[in-house]
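Structure first, commentary second.
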Amino acid sequence: MCGIVGYIGNKEAQDVLLKGLSRLEYRGYDSAGVAIVRGTKIEFDKKQGKLKTLISDLKDAPIKGTLGIGHTRWATHGIPNEVNAHPHLDCKKRLAVVHNGIIENYQELKKSLKREGHKFLSETDTEVIAHLIEKFYKGDLEAAVFKTLKLLKGTYAIAVVHKNEPDKLVGARADSPLIIGVGKGENFLASDAPAVLDYTKEVIFMDNHEVVTLTRDGVSIKDFHGRKVHKKPSKIKWDISQAEKAGYKHFMLKEIFEQGDILSKIIDERVANDRISFGELKISERAFKGFKNIAIVACGTAYHAGLTGKYMLEELVRIPSWIDTSSEFRYRDPMVDKDTLVIIVSQSGETADSLAALREARAKGATVLGICNVLGSTISREADGVIYTHAGPEIAVASTKAYTAQLAIFYLLTLYLAKLRKTISDKRYDYFMSEFKRVPGLVNDLLSEYKPEYNALEAYAEGFKRYYHQKHNKSTFLYLARNINYPNALEGALKLKEISYISAEGYPAGEMKHGPIALIDENPWVVCIAVQSKTYDKMLSNIQEIKARGGIVIGIATEGDREIMHQNINYLIEVPKVDELFSPLLVVIPLQLLAYYVAREFGYDIDQPRNLAKSVTVE
Ligand code: F6R
C-alpha cells in the first residue's frame, strides 16, 4: 500500500531514493516519483507504471541534490497516472509531500482550500496535505506540519521537504508504518527497513502520532502535542542479501524453496530437549492456563494459516476456538472478553484491518497475541505478546514462506498449550514432536524433486494452458479437501487466482453436493487433496463424483498410495508420508508451485501481480 522514502545526507539523493524504492516496490507499483531539493528549487519526476520507467527517465536527466523524498504507489484515490503519482506539491512548488495511507476528510479540506484559492492538479487525497502545509508555512516546516496534522483524519505516514529548508526532512506517522534509518552524517525515512539496509542497520521504529525532523546529523522526535520523545535505535539483524533473488527467476520461487530451512530454523529456535519456549512472549503461563476460548483473526493467506490453527487447537488443546477475517471482526461487536485469547496473524504486522481488530479486542479486555513476521511492526508492538515467525523478508506479493512459518508457530503453540493445560499425554506429545521434527527434511526432499529445469508441475501447467485455450478460456480451478487440509484448498485457490488471474475456488469436499458440483463438466480442473487421513475414503468418493461428470482431476496423495492409482485421475502429485496433523506443511508446497508455474506459463508478472500490494495498510 504505497512505499515512501526520504533521504538527507551527502550522497546524491536520487540514487538513495531509487534504491530504497526498489526495495519497497512490493508495497505498490502502479506509479513512482521523487522530489529533490536542488539549490533553491524543488525538482521532481513522476512516471506512471513500474519503478523502472522512472529509473530510466532519471538516468537520462538526473536530478542533483542531497535531500529528497520518493514514493511507489498503490492507487486508492485517482487512477494510476502521472498527475496522481506522488510526490505532490503546493501551488508555488516550494514544498513536496509523499504519503502512504488515506486522508478520509480530504474532500471537505479540498473544498475549503479551493475556496481560499489553492489550485489542485490531481484527484488524490494526498494533495490536500501539500496545500495545508503551504497555507500554514511561515518559515518553519515542522511547525506547519504540526498545524496540518491537527486537521487530518485518517491514516498516514508522510515525508515532506521544503526548498527554503535544505537541511530538514520532516516525517509523521498515524497508523501507517514509518521507520527512521540512522546513519553517520545522513538519515533516512522509509515505510519499511529494507529500504535503508544498504546504508544502515540502525533503525528507529516510529510510533503512532509522532513527528520526526531529520537533519544530516540529528533526529528529533516529538509526539503530536509537541513533547520530545527519546528513542534508541534497534539493530536490524538480517542482511539485505536476504531481500535479493539469489539466482532464482522470481522472489516467489526463491521463497518457496526457502521453506524447508525456515521450518528447521523455527524448530531449532523454539524447541530445546523437546520443550517449547517462546523467548519474546510476554503472556504468562498462568494467563495461558486461564483462557476459556480463543479467537483467531487475520486476512488472506494469514487467515488460512489461522484456520489451520483452529483445527489444531481444538483437536489437541480442546479449547473452543473460532476464526474471523479482520474486516468482519472489527465491525461486528465480537464476543471477546478478558477470558479470550485473541491471536492476530499477520506477516507484515501492518494490515489495517488486523490492526483495527487488535485494538477492538484489547478495548474489550481480551489478551492479544500477535504472530508476525516483520520485526517491530505495529501489530507486534501493540499486542500483549508476540511470537515472531522469523521467516526473513518476504518480497513476493503472493505469500508462501510466511504461511508455512505461521503454520509452524501454530503447531508449536498448540503443543505448548496442550502440554501446559494437560490435554495431551506425554506419549502423544513425544510422538507429535518427533513427527514435527521430520517435517523440514521432508519439505526439502519434496522441493528437491522440483529443482531440475523441467518438472511434472511445469508439465501440468503447460497442459492446463493448452486446455484453457481449447476450451475458449473457460477453464477454471476448484480445490477440494477435508479437515485440516481444507484451509490449504482455500490457500491453493488464492495463490492461483492472485498470480494467474484464473478463477479458482477452494471448498470443503463434503460441501460439494450442496452446490459446487453444479460447476463440474469438462471445464474445471479439480485439485483434490487426498493424502492419508481419517477422511481419505470420503475424498476418494468425491473424486469419483467428479470423474463421473467429466471433470479433470489433479490428485495430491501420499507417496506409495496405490489406491489413488485406481481412481482414474488425470494427474498425480505425491507428497511424503507424515502424520495427518502435519500434512498441510507438505501439501501446500505443490499447490504453491502449481500456481507459480501456471502464472509463468501465461507470462504474468509473478512477483507483482496486478491490483495487489504486499502490505494492505488501508481499509
Ligand atoms: C496472499 C497474501 C495476502 C496476505 C494478506 C494479509 O498471498 O499475501 O492475502 O496474506 O493481505 O497480510 P498480512 O499477513 O501482512 O496481514
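Counting convention: from 1, in listed order, for ligands and their atoms alike. Everything numeric here is computed off the predicted structure, so don't read it as measured data.
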Chi angles and distances behind the ring-ring contact (aromatic ring centres under 6.0 Å, His included) call for Phe288, Tyr416:
CA-CA 10 Å; Phe288 272 125; Tyr416 169 83; 5.7 Å; yes
May I ask whether Asn373 has any heavy atom positioned less than 4.0 angstrom from an atom of ligand 1?
no
Any idea which of Ser348, Ser326, Gly306 brings a heavy atom closest to atom 15 (O) of ligand 1?
Ser348
Relative to the heavy atoms of Ala398, which atoms of ligand 1 are at a distance of less than 4.0 Å?
7 (O)
At their closest point, which heavy atom of Gly171 faces which heavy atom of Leu189, and how far apart are they?
CA-CD1, 3.8 Å
Give yes or no for whether the N/O distance cutoff of 3.5 Å, strictly under, is met between Gly349 and ligand 1.
no
Ligand-residue contact atoms, ligand 1 with Glu498, heavy atoms, under 4.0 Å:
1 (C), 7 (O)
Atoms in ligand 1 with a heavy atom of Ala302 nearer than 4.0 Å
10 (O), 14 (O)
Atom 11 (O) of ligand 1 sits nearest the protein heavy atom Val616 CG2, 4.0 Å
Could you tell me the residue and atom name of the protein heavy atom closest to atom 6 (C) of ligand 1, and the distance to it rounded to 0.1 Å?
Cys299 O, 3.4 Å
For Lys495 and ligand 1, does the shortest N/O to N/O distance drop below 3.5 Å?
yes
Does one side chain, of Glu491 or Thr301, offer a donor that lies under 3.5 Å from an acceptor on the other?
yes
What's the verdict on ring-ring contact (aromatic ring centres under 6.0 Å, His included) for Phe602 and Tyr501, showing C-alpha distance, side-chain angles and the deciding distance?
CA-CA 10 Å; Phe602 281 84; Tyr501 319 137; 9.4 Å; no
Do Glu350 and Thr378 have side-chain N/O donor and acceptor atoms under 3.5 Å apart?
yes
Do the side chains of Lys249 and Asp607 get close enough for a salt bridge, i.e. N-O under 4.0 angstrom?
no
How close does the nearest protein non-hydrogen atom get to atom 4 (C) of ligand 1, and which residue and atom is it?
Thr301 N, 4.0 Å
Test Tyr507 against Tyr486 for ring-ring contact (aromatic ring centres under 6.0 Å, His included), laying out the working first.
CA-CA 7 Å; Tyr507 241 87; Tyr486 158 56; 8.2 Å; no
Which residue and atom name correspond to the protein heavy atom nearest atom 14 (O) of ligand 1, and how close is it?
Gln347 N, 2.6 Å
If you count the atoms of ligand 1 from 1 in the order shown, which ones are under 4.0 Å from a heavy atom of Val397?
7 (O), 8 (O)
Closest to atom 16 (O) of ligand 1 among protein heavy atoms sits Thr351 OG1, 2.4 Å
Between Tyr597 and Tyr460, ring centroids under 6.0 Å:
no
Reported CE-to-CZ distance for the pair Met312 and Phe582, which is rounded to 0.5 angstrom:
8.0 Å
Looking just at side-chain N and O atoms, do Asn485 and Ser583 make a donor-acceptor pair shorter than 3.5 Å?
yes
Name the option, out of Gly300, Ser399, Ala396, that contains the heavy atom nearest to atom 9 (O) of ligand 1.
Gly300
Ligand 1 atoms nearer than 4.0 angstrom to some heavy atom of Ser346 are 13 (P), 14 (O), 15 (O), 16 (O)
Of the backbone atoms (N, CA, C, O) and the side-chain heavy atoms from C-beta on, which set of Glu350 has a member under 4.0 Å from an atom of ligand 1: side chain, backbone, both, or neither?
neither
